[in-house]
Amino acid sequence: MDYVSALVPPVVMAVFFGGLIVTIVKTQGGANKAKEDAAADAAISRAEALHQASKAGGA
């Protein structure tokens, strides 16, 4: 029975990892893609604006 207890954790992890991959693939795109892209673009532009402001203030 030691072999069963040795195999259970990797099998469980593999099943959960497979479910994670399926979930990630299914949530790509779809109705929320534009909203997620807009949020990412806004975060990037805020970070760039802060970077530019710190460069201008420091110089």
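Values in this document were obtained by computation on a predicted structure and should not be read as measured data. Worth knowing before you read on, the calculation uses all heavy atoms, side chains too, and leaves out hydrogens, waters and symmetry mates.
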*Identify whether Phe17 and Val25 are in the same connected component of the hydrophobic contact network (ILVMFWY, side-chain heavy atoms under 4.5 Å).*
yes

*Gap separating the CD1 atom of Ile44 from the NE2 atom of His51, nearest 0.5 angstrom*: 14.0 Å

*Treat each ILVMFWY residue as a node, draw an edge where side-chain heavy atoms are under 4.5 Å apart, and state whether Tyr3 and Val11 are in one component.*
no

*Looking at OG1 of Thr23 and CD of Gln28, how far apart are the two atoms once the value is rounded to the nearest 0.5 Å?*
11.0 Å

*Can you get from Phe16 to Val8 by hopping between Ile, Leu, Val, Met, Phe, Trp and Tyr side chains that sit under 4.5 Å apart?*
yes

_Please determine whether residues Val12 and Val4 belong to a single hydrophobic cluster, defined as Ile, Leu, Val, Met, Phe, Trp and Tyr linked transitively by side-chain heavy-atom distances below 4.5 Å._
yes

